[in-house]
Amino acid sequence: MSRPFDRLAEAIASLRQPAKIASFLQELLTPGELHDLGLRWELVELLAVGMSQRQIAAKLGISLCKITRGAKILKKRNGAVAELVVGKTPAKAMPKAKPAKRSPAKPARPAVKAIVRKPVVQTVKKTVKGGKNGSRVSRKS
């Protein structure tokens, strides 16, 4: 393994204890990176237990685009994330997905008013006397 990422994966695998892996990641990553990584993992876990993308967005305060990316990760054939999350997520530890509430029918939107365009006022240059020594000067009216 010569690529730095492959060597990193090997180093993490060699630790084998969750406390040592957590310590390793806290030393290596910034607080923002740790937060983002934890958030990504949480959204994948919520997807795995069947929570809707909109519910996850509301709960975690993240965009649907990020959640869609997590959903694609879980759909990946023979994916390591799906194997870990779907296979080992205890149902009791994860919140159950609530059925989506149906919102009442929305009232019809009012017709859009036509946009009234105002006529464009053009500036006209006038040449008048009044410059130095009686010369003509252009002025906008």
Side-chain angles (χ1 to χ4, degrees), residues 1-133 135-141:
M1 293 189 178
S2 61
R3 291 183 36 210
F5 185 79
D6 293 334
R7 293 192 308 272
L8 173 64
E10 188 176 303
I12 292 171
S14 72
L15 294 173
R16 296 201 175 128
Q17 295 173 359
K20 284 188 176 184
I21 294 170
S23 178
F24 176 82
L25 291 174
Q26 288 171 344
E27 291 173 13
L28 190 63
L29 302 174
T30 67
E33 292 167 334
L34 288 169
H35 175 265
D36 290 347
L37 192 58
L39 192 64
R40 174 77 51 86
W41 187 251
E42 186 175 7
L43 84 87
V44 169
E45 287 177 324
L46 294 172
L47 284 168
V49 296
M51 187 177 275
S52 76
Q53 291 190 15
R54 292 194 187 278
Q55 288 172 324
I56 295 170
K59 177 179 174 131
L60 302 180
I62 57 177
S63 71
L64 288 172
C65 293
K66 287 183 181 180
I67 299 167
T68 300
R69 186 179 191 287
K72 287 180 182 179
I73 290 169
L74 286 179
K75 289 179 183 176
K76 191 174 182 180
R77 183 178 284 183
N78 300 323
V81 172
E83 182 181 331
L84 285 173
V85 175
V86 175
K88 300 194 179 174
T89 302
K92 292 180 183 176
M94 298 306 301
K96 291 184 180 179
K98 296 177 185 174
K101 293 181 182 177
R102 298 197 133 251
S103 58
K106 294 182 180 178
R109 294 176 91 187
V112 178
K113 294 181 181 178
I115 299 173
V116 179
R117 297 187 184 265
K118 294 181 180 178
V120 177
V121 178
Q122 295 179 344
T123 56
V124 180
K125 290 184 179 180
K126 292 183 180 177
T127 306
V128 295
K129 289 186 180 181
K132 291 182 183 178
N133 301 326
S135 62
R136 297 180 179 258
V137 179
S138 295
R139 291 191 186 162
K140 292 182 181 179
S141 61

Checking S52 against Q55: is there a side-chain donor and acceptor pair closer than 3.5 Å?
yes

Do [X] and [Y] make a side-chain contact, defined as non-hydrogen atoms from C-beta onward lying under 4.5 Å apart?
| X | Y | answer |
| --- | --- | --- |
| W41 | D36 | no |
| Q53 | T68 | yes |
| I12 | L25 | yes |
| L8 | L28 | yes |
| R69 | R40 | yes |

Rounded distance [0.5 Å steps], [atom1] in [X] versus [atom2] in [Y]:
| X | Y | atom1 | atom2 | value |
| --- | --- | --- | --- | --- |
| L39 | K66 | CG | NZ | 6.5 Å |
| L43 | I56 | CG | CD1 | 6.5 Å |
| E42 | L60 | CD | CG | 4.5 Å |

Taking the side chain from S23 and the backbone from A19, do they hold a donor-acceptor pair closer than 3.5 Å?
no

Is there a side-chain contact (heavy atoms from CB on, under 4.5 Å) between R54 and L64? Walk through the geometry before answering.
CA-CA 7 Å; R54 292 194 187 278; L64 288 172; 3.6 Å; yes

Test R16 against I21 for side-chain contact (heavy atoms from CB on, under 4.5 Å), laying out the working first.
CA-CA 7 Å; R16 296 201 175 128; I21 294 170; over 6 Å; no

Begin from the C-alpha positions of L46 and I67 and carry the test side-chain contact (heavy atoms from CB on, under 4.5 Å) through to its verdict.
CA-CA 10 Å; L46 294 172; I67 299 167; over 6 Å; no

